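Some notes on the structure that comes next.
A quick note: this is a predicted structure, and the numbers were derived from the prediction, not measured. Because only heavy atoms are used, hydrogens play no part in the values below, and waters and symmetry mates are left out as well, while side chains stay in.
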Amino acid sequence: LISVTRTRELTAAFERGDLSVVCTDPAATDSPGYSASATCVDYDTTSLVYLGFNTAKSPFGSPAARRAAAAALDRSALVSAAWSGHARISALPIHPASPLYDESLARQLPAPDDARDLVTQSGLSGRGLTLIVNSENSSRVTAARLIARQLEQAGLSVSVSSLPWADYLTTLSAGGFDLYLGEVSLTADFDLTPLISVDGPLNYSRWRSGTVDRLLDSLRAAPEEERPQAASELCSLLTEQMPITPICFKRGSVLSRWEPASQLTPTRANVFYGLYE
């Protein structure tokens with residue numbers, strides 16, 4: 001066990017063999033690069049990557065327009081290209097491994113093959129749109145550019161604006177965008193209150209619903225056996241109104257050149273879970 005304070009020192013210590021195991025987010029803004037020869041074991045996290053819509057202005061003031069754009073996303077291609085597979089695709093803002101995830105609801109959502117027809121029906125064809133993304137995170141920039149191409153294949157015209165973090169936040173707060181690519185670390189109970197509640201501090205979509213706060217309260221207060229139903233009701237509203245559309249939940253990685261580490265079964269709460277075995 002040694003103490004390292006900088007990314008460069010951490011990387012060098014691992015490459016020299018001074019460190020046996022490191023834990024990393026492969027898609028973090030400041031993620032160091034490690035040798036490809038290291039053994040990698042991934043673990044699930046609650047970090048949700050999503051596409052947000054500006055619901056306060058045209059064209060995404062319409063739920064039909066938001067659903068049409070959301071249908072164009074090929075999540076598998078996005079996860080492969082932008083996160084090198086270190087993520088779990090998700091059509092709902094709840095992790096697919098959670099008992100709260102409604103698989104039947106997720107299967108009802110339209111697929112990319114339906115997107116062009118939906119775009120035409122919603123009057124979006126040919127509309128020029130601006131998608132903003134934080135320029136410091138290369139994974140999200142890659143994803144934003146691919147999302148733009150997927151939307152263009154459905155009949156839209158999308159310009160990607162990669163902004164430094166401070167400018168990105170300023171633009172979000174001012175509403176100077178049509179779409180934005182965001183990421184949020186949810187709590188273990190997948191409470192979406194900051195992201196979608198009427199007064200949520202992360203509700204950059206400016207979405208307003210007369211029922212969402214009640215449904216959020218119901219989910220938080222529901223006994224364990226009633227939570228799946230409460231979560232399904234909330235997700236039904238979100239898939240109908242589509243203020244945001246989930247893309248994936250990122251995965252963290254445990255890297256090692258120590259062979260026994262390949263047998264670890266890490267979790268978000270304890271990356272060394274199973275070490276005693």
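Side chains of E240 and P63 form no contact here, defined as non-hydrogen atoms less than 4.5 Å apart. Residues R145 and L131 form no side-chain contact, since every pair of their non-hydrogen atoms from C-beta on lies 4.5 Å or further apart. Annotation: side chain of T239 is not in contact with side chain of Q108 (no heavy-atom distance under 4.5 Å). Put simply, the side chain of D42 reaches to within 4.5 Å of the side chain of S253, judged on heavy atoms. Between L234 and I94, every side-chain heavy-atom pair lies at or beyond the 4.5 Å cut-off. Contact check for R116 versus V119: no side-chain heavy atoms found under the 4.5 Å cut-off. A 4.5 Å side-chain heavy-atom check between L219 and F190 finds every atom pair outside the cut-off.
Follow the hydrophobic side-chain contacts under 4.5 Å out from I196 and you reach L172 in the same cluster. Linking ILVMFWY side-chain heavy atoms closer than 4.5 Å, directly or via other members, places L92 and L216 in a single hydrophobic cluster. Linking Ile, Leu, Val, Met, Phe, Trp and Tyr whenever their side-chain heavy atoms come within less than 4.5 Å puts L169 and L195 in one cluster. By the criterion of side-chain heavy atoms lying less than 4.5 angstrom apart, applied directly or through intervening Ile, Leu, Val, Met, Phe, Trp or Tyr residues, L51 is not grouped with Y204; the two fall into different hydrophobic clusters. When the side chains of ILVMFWY residues are joined at heavy-atom separations under 4.5 Å, either directly or via intervening members, V184 and V212 end up in a single hydrophobic cluster.
Remark: the backbone N or O of I244 is not paired with any side-chain donor or acceptor of R66 at under 3.5 angstrom. Remark: side-chain polar atoms of S205 are not paired, donor with acceptor, to backbone N or O of W207 under 3.5 angstrom. A donor-acceptor pair under 3.5 Å is absent between the side-chain atoms of R67 and the main chain of P110, judged by distance alone. Remark: side-chain polar atoms of R107 are not paired, donor with acceptor, to backbone N or O of L105 under 3.5 angstrom. In this structure, the side chain of S84 does not engage the main chain of H86 through any donor-acceptor pair within 3.5 Å. Of the possible donor and acceptor atoms, one in the side chain of E136 sits under 3.5 Å from a partner among the backbone N and O of W165. Judged by distance alone, with hydrogens and angles left aside, the side-chain atoms of T46 form no donor-acceptor pair with the main-chain N or O of A188 at under 3.5 Å. Proximity of a side-chain donor or acceptor of N270 to a complementary backbone N or O of T267 within less than 3.5 Å is not detected. A donor-acceptor contact shorter than 3.5 Å is absent between the side chain of R206 and the backbone of N54. Distance alone, capped at 3.5 Å, places no donor-acceptor pair between the S157 side chain and the G126 backbone.
Using bins of under 30°, 30° to 60° and over 60° for the plane-to-plane angle, the ring pair F249/H95 lands in the tilted bin.
One distance of note links CG of D102 with SG of C235; it measures 7.5 Å at 0.5 Å rounding. Taken to the nearest 0.5 Å, the OG atom of S159 stands 11.5 Å off from the CD1 atom of I132. In this structure, the separation between OG1 on T193 and CG on N203 is 11.0 Å, given to the nearest 0.5 Å. Note: L78 CG to L146 CG = 4.5 Å, rounded to the nearest 0.5 Å. Interatomic distance, CZ of F53 versus OG1 of T245, reported as 6.0 Å (0.5 Å rounding). Within the model, atoms CZ of F177 and CG of L179 stand 8.5 Å from one another, a figure rounded to the nearest 0.5 Å.
For S173, the side-chain hydrogen bond (donor to acceptor under 3.5 Å, both in side chains) test picks out no residue, with sequence neighbours left out. By the side-chain hydrogen bond (donor to acceptor under 3.5 Å, both in side chains) test, S185 is found to be paired with no residue, residues two or more places apart in sequence or in another chain being considered. Remark: D44 pairs with R88, R251 by the salt bridge (Lys or Arg N to Asp or Glu O under 4.0 Å) rule, at least two apart or across chains.
What you find for A148 and V160 is that their closest heavy atoms are CB-CG2, 3.6 Å. A pairwise comparison of heavy atoms in D213 and S197 identifies OD1-CB, 3.2 Å as the closest pair. Looking at every heavy atom in both residues, Y101 comes nearest to A91 through OH-N, 3.5 Å. In this structure, A143 and L181 approach most closely via the heavy-atom pair CB-CD2, 3.9 Å. Taking both residues in full, the closest heavy atoms of V198 and S209 are given as CG2-O, 3.7 Å, listed atom of the first, atom of the second, then distance. A pairwise comparison of heavy atoms in L129 and L156 identifies CD1-CD1, 4.0 Å as the closest pair.
Using modelled atom types, one finds no donor on one side chain facing an acceptor on the other under 3.5 Å when comparing R127 with S122.
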Residue pair L192, L238: steps toward the side chain to side chain contact (heavy atoms under 4.5 Å, CB included) verdict: CA-CA 11 Å; L192 300 170; L238 295 179; 3.9 Å; yes
Begin with the C-alpha distance, continue with both residues' side-chain angles, and end with the deciding distance and a verdict on side chain to side chain contact (heavy atoms under 4.5 Å, CB included) for R227 and D189. CA-CA 10 Å; R227 284 178 58 77; D189 59 354; 3.8 Å; yes
Is there a side chain to side chain contact (heavy atoms under 4.5 Å, CB included) between T171 and Y180? Walk through the geometry before answering. CA-CA 10 Å; T171 305; Y180 74 97; over 6 Å; no
Evaluate the criterion side chain to side chain contact (heavy atoms under 4.5 Å, CB included) for residue pair R75 and C248; output intermediate values, then yes/no. CA-CA 7 Å; R75 292 175 175 83; C248 63; over 6 Å; no
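Residue E224 qualifies as open at atom CD: its count of foreign heavy atoms under 6.0 Å is 12 or below.
Each of V79, L73, I247 was checked for a side chain to side chain contact (heavy atoms under 4.5 Å, CB included) with I89, and the lone residue meeting it is V79.
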